[in-house]
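Residue numbers start from 1 in every chain, and the chains themselves are labelled A, B, ... in the order their sequence lines are given, proteins ahead of strands.
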Protein chains: 2
Amino acid sequence: MTFQKRKKEILQLLQRLGEADIRLIAGHLNISEVTVRRDLNLLAAENLLHRTHGGAMRVDPYVDSSTYQNKSDINKTAKDKICRKAAEEIQEGDVIFMDCGSTVFNLCQYIKHKKIKVITNSLPVVIELQNSAATINMIGGEVNQKNQAVHGKMAVAHIKKYHATKAFLGIDGITAEGLYANSELEASNTQAMASQSEKTFLLCDSGKVGKKAYLRFAEVNLVHTLITNQDGEEINQLKEKGVQVIIVN
Amino acid sequence: MTFQKRKKEILQLLQRLGEADIRLIAGHLNISEVTVRRDLNLLAAENLLHRTHGGAMRVDPYVDSSTYQNKSDINKTAKDKICRKAAEEIQEGDVIFMDCGSTVFNLCQYIKHKKIKVITNSLPVVIELQNSAATINMIGGEVNQKNQAVHGKMAVAHIKKYHATKAFLGIDGITAEGLYANSELEASNTQAMASQSEKTFLLCDSGKVGKKAYLRFAEVNLVHTLITNQDGEEINQLKEKGVQVIIVN
DNA sequence: TCAATTTTGATTATATTTGATCAAATATGT
DNA sequence: ACATATTTGATCAAATATAATCAAAATTGA
């Protein structure tokens, strides 16, 4: 029973039941509870399920879409801390890019009162900041139903027309070898935003650090500062490559 | 029974009953009253319900700041009828423009199941059609907080890149002398959409027909068909000018 | 095949959640 | 306004879940 196989089974199980506790999953797949816990944490890091105390719940696009993510997720606090720190870097008058990751979305709550300009391809971000002090610039193009964001050539062309002081970006994986994404569309978007801003911040919870994904699309020096919630060997290597790192606790 | 599960149940219960006291909730979910109290406080902090002494009340969804939903009064039925008729004009495979009027917004409910492409500058339209069969193309640019739509040069440039089979537009006033808008931004948007589509429908309740507004920005023949809810002298003049008119009752 | 690496599972210390109890705060009825 | 009843928030102990550590098992690469 490999991880791939278990991943499929767990997601299938959740699809059927809506929710499941560790014991149930362990029994169902004939694996230990420790392994289930490990798997659930990995899947939660990919936003494929909501981790709860003692189990997991299915991600319902219809229910969760309005808020983008369950506010009671178990690892929400790490993201919150990362974003609170990120918000400290934003000054009045800044023009910032925000992309469509779930961590970046959490930044919204900390910048609502700031008089800044926000350029984003994320629909949830736009909705969240609708009645804030910030001026919103929505990047145009076809809306991807799954991640509720706009990607593609039109989007990149739109981004190229603007210049920002700071960019706050998410990502699917980062190692000393480079930045990883799960799709070329997201990668090109990330790259465009980074290239059009003076300073680039990467907001990553520890689940993404040291992890590789489908596509390695850039060197780590595309970003200036990584804000994350856990120190480690990988972090040291990133520092050696010249990436500034802020660890929050 | 995790917090996530209880959260869902409690909100569901409140949705049904409108309000509920601690004892009722505790009994219903088979948990202690202390826990209910804790949960209610957490949910209240997220603004998902109103905490009362001894229980909680549902927070009424979408009493949104601006015009759209709660403008639902007398002329709502007229708008509905107009939109139902307009929806009949839309076939599978169509590419349509929708602008940001409140009448046009009502069209959403009648096209959710249609396999079409929708290009719009209206945020409420995008949100409403988020999980529909339609493909959404959001027009990019700065979001106007007041009417929750995107206007301006970027928007017009975006529109010019697309070609639609039909456009469904609102307006602030129409007489035989021309079309009227309350702002130049909206006018240029309307004009751009009309010029990029094969057929243009104007959706107007009777309050707009025969009414003039700040800016006369185009001749009536910019539109092919007017769908409205009341016949009259003005309508006849429009017909004479070559505008097709559909009256709904 | 064998050594090296990764993955898994048992164990244990740590952290979280829950419900009981009780003093303080708030509502209610006269 | 007062006394009574109810609700609340705080503290604590028990139950439960978790992360961390380490050894065993499985997988991989030479």
> How does protein reach along nucleotides 20-30 of chain C, written 5' to 3' as B (base within reach of a heavy atom under 4.0 Å), S (only sugar-phosphate), or - (no contact)?
Replying inline: B-----SS---

>> Any side-chain N or O of B:R23 below 4.0 angstrom from OP1/OP2 of D:dT7?
In response: yes

>> Measure CG/B:D21 against P/D:dT8 and give the value in whole Å, please.
In response: 10 Å

> Once you round it to whole Å, what is the distance between C1' of D:dT27 and NZ of A:K5?
Replying inline: 18 Å

> Can you check whether A:R51 has a side-chain N or O nearer than 4.0 Å to OP1 or OP2 of D:dT18?
Replying inline: yes

>> I want to confirm an ordering. Mapping B:T52 and A:G55 to their closest nucleotides on DNA chain D, which one lands closer to the 5' end?
In response: B:T52

>> As a test of reading the structure: which of D:dT8, C:dT18, D:dA17 is closest to the side chain of B:I22, going by heavy atoms?
In response: D:dT8

> Between A:K117 and B:E142, is the closest basic N to carboxylate O distance under 4.0 Å?
Replying inline: yes

> Could B:K114 and B:E92 be called an ion pair, given the rule that one side-chain N must be under 4.0 Å from one carboxylate O?
Replying inline: no

> Tell me: CG of B:L40 to P of D:dT7, nearest whole Å?
Replying inline: 13 Å

>> For B:R6, is there an ion pair with B:E9 - N to carboxylate O distance below 4.0 angstrom?
In response: no

>> Is the phosphate of D:dT8 approached by B:N41 (side-chain N or O, under 4.0 Å from OP1 or OP2)?
In response: no

> Looking only at heavy atoms, what is the nearest atom pair of A:A26 and A:E33, with distance?
Replying inline: CB-CG, 3.9 Å

> To the nearest angstrom, how far is A:Q4 atom CD from C:dT6 atom P?
Replying inline: 16 Å

> Between C:dT18 atom C1' and B:N30 atom CG, what is the distance in whole Å?
Replying inline: 14 Å

>> Does A:K211, at its NZ atom, have more than 12 non-hydrogen atoms belonging to other residues, nucleotides or ligands within less than 6.0 Å?
In response: yes

> Quick one: B:I31 CD1 to C:dT17 C1', roughly how many Å, whole number?
Replying inline: 12 Å

>> Rounded to whole Å, how long is the line connecting atom CE of B:M1 with atom P of D:dT16?
In response: 15 Å

>> Tell me whether B:R51 at atom CZ has more than 12 heavy atoms from other residues, nucleotides or ligands lying less than 6.0 Å away.
In response: yes

>> Quick one about B:E19 and B:H50 (side-chain donor to acceptor, distance below 3.5 Å, no hydrogens or angles considered), yes or no?
In response: no

